[in-house]
Amino acid sequence: MDSAAELLEYYEVYETIGSGGFAKVKLGRHILTGEKVAIKIMEKKELGEDLPRVKVEIEAMKSLSHQHVCRLYHVIETNTKIYMMLEYCPGGELFDYIIAKDRLSEEETRVFFRQIVSALAYVHSQGYAHRDLKPENLLIDEDHNLKLIDFGLCAKPKGGLGYELMTCCGSPAYAAPELIQGKAYIGSQADVWSMGVLLFALLCGYLPFDDDNCMVLYRKITRGSYNNPHWLSPGSILLLNQMMQVDPKHRVTIRQLLDHPWTMSGYGSPVEWHSKQPLGYIDEDCITEMSVSLKMSRQSTLQLVNEWKYDQTTATYLLLLSKKQRGKPVRIRPQLPVCDVMSCSPQRLGVQTLLFDDDDAEDRCYDDDLPWVPLTPQQERALCPSAEKRRDQTKHAPTPEREPIAHHHRHQERRDRCRERTNENKENVAVANKDADIFALPARRSPVANRKATRPNKRVLTTPTHNNTNKVGNKVDTPQGGGSTCKDPSRKRQRERVEGKEEEEMEMLAFSPERRSRSLDLAGASRGDSSQKRRGGKVFGSLERGLDKVITLLTPSKRRGLRDGPRRIKAQYNVTLTSQTNPDQVLNQILSILPEKHVDFAQKGYTLKCRTQGDFGKVTMAFELEVCLLHRPEVVCVRRQRLKGDSWVYKHLVEDILSTSSI
Ligand code: ADP
């Protein structure tokens, strides 16, 4: 079995949603439960000496289960790759949320901070120090709650968390003084320092200790001196001071943070840090559903789940549990909706998964009142091989009964609905009804100061082929006219996406700007007002030249992409509003600036896949800029998404690009 084949048996794989130092993370869907997951993909060859780091992360995540820690569901290891299937957090990184809002209010900071304290108190109680706390490692889930990720640098000292550690690791700006001085340190105390830096970043929108030069940065950290901006309350100043004490013995402890006056303010109760989802918890409804759907005895099901192998069984159980906890029906999805059978499971049906922003497509596929059809033995074997084996062993064991589900065939009605929905504009989904300022840009270019924050993209749509065969070889009818967004599918493309080759599909434009070190970029971006003005002047002078270049570079295929127009989206926190009404003009302005900023890019319609490279050609940063139309009011906006690279450098660079583009 090749590397992707096992993964594709159980999951549909969609677009890349992030990447870190070691991994590429893609959006996926667990076929059996229909639940979304994040698939962290690591190449063993590329990991090299860091392979143990991944093993540490897997072991840690297997032993952690908490409402504010990202849950691990499934691990697949092949000869060449490691796949970790994780709880999907659609709200993106806390980092992006902070920079989108510039900084958070004390009240909003407190909501997040209490969750961070809760997660850390739990992680410490399990004997682990995280050692890489930063806003990039806190993700926002669909309910706007935080989940801690990236346990690759965590440590579990043999004698307990009170024992000292030696390895210096983590991100320099968040590292405690004792750590960067190479002293032995206590992991939990170092985590509290990082939380102090994080708290400062939440309240201020920038780092307390920052410098392009590492030695200068280290000096600042070891001195522990930083400036408190004027908007901080006395209570915040005191708490920050208690957390960022250079001497770890004088630092506030996590236990003290639980009922610290600042943490308690407005709540009147300490932070609840105990797990609401203890490890090993068995839910009767989930066991019943698995037992009935997979046709195993209850006892066998229980036995299998209790092995906690982080295989398909564990994933199915934990995802069913997650469904239940979110108030969704505890149902396995062997029964494909009859009318929409084509658009629901590309791997099982041998059709292609396409990447569109279509939330309705999701509803279409996973409506819980759809008629159900049972799994064929072949499908069952593919989706839950152990179930088949067990069933042979327990052939005569009684299986529990499940209430019959009403079979109400509304094919035509549903098909019509599908058609209507696919014809609608593809839109992003609103995240939360919290006010979000737009991305930090000079105020004069932002016609609307405050917008409702919205959920980031869900770019998922599964579409049928015109000649579809399901996994078990059956021909399946394509609903007529239901797929206005259908494209030719091929399983190979899906596999390539998993293998990370999709980038190659994009044609790189002929810009090969001279390279310049990233630190120089940063220095320029962060110099402040005077250099900003200088750049502004220069940009206006170069704009026409830039436009010429862009127009001559547009190939027919690119023009075709542009003919459809930009996507319409709702306001969300990774969107920058412009004062313009012509999307092409905005696109061209950005296109003309990118070479000046030494950013390589590939264009697909209104999306620019951007990247910067270091001196030796190493990709230092990857991000997307997409020109879109905002729903209401009708203005052009730019959606941005960081895929790789240092978050603060990204913030400076994108701010720089968008402000010099004079949009
Ligand atoms: P690495 O171990 O290589 O540093 P991370 O675990 O930090 O990789 O993941 C890289 C990025 O992928 C994250 O910063 C985040 O943007 C995205 N990501 C990781 N896990 C998830 C998840 N569970 N849900 C959504 N996005 C995720």
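One-based numbering, in listed order, for ligands and for the atoms of each.
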When you pair each N or O of ligand 1 with protein N or O atoms, which pairs come out under 3.5 Å?
residue	atom	partner	partner atom	Å
ligand 1	2 (O)	Lys40	NZ	2.8
ligand 1	2 (O)	Arg53	NH2	3.4
ligand 1	2 (O)	Asp150	OD1	3.4
ligand 1	3 (O)	Gly21	N	3.2
ligand 1	3 (O)	Phe22	N	2.8
ligand 1	3 (O)	Ala23	N	2.9
ligand 1	4 (O)	Asp150	OD2	3.2
ligand 1	6 (O)	Lys40	NZ	2.7
ligand 1	7 (O)	Asp150	OD2	3.2
ligand 1	14 (O)	Glu93	OE2	2.6
ligand 1	16 (O)	Glu93	OE2	2.7
ligand 1	23 (N)	Glu87	O	2.7
ligand 1	24 (N)	Cys89	N	3.1

> Aromatic rings Tyr11 and His74: how do their planes relate, parallel, tilted or perpendicular, breaks at 30° and 60°?
Replying inline: tilted

>> Can you tell me how the ring of His144 sits relative to the ring of Phe112, calling it parallel under 30°, perpendicular over 60° and tilted otherwise?
In response: tilted

> Do you see a donor-acceptor pair shorter than 3.5 Å between the side chains of Glu272 and His274?
Replying inline: yes

>> What I want to check is whether the side chains of Thr80 and Lys44 have a donor and an acceptor closer together than 3.5 Å.
In response: no

> Would the His30 and Tyr10 ring centres measure less than 6.0 Å apart?
Replying inline: no

>> Do Lys309 and Thr314 pair up side chain to side chain, a donor and an acceptor below 3.5 Å, judged on atom types alone?
In response: no

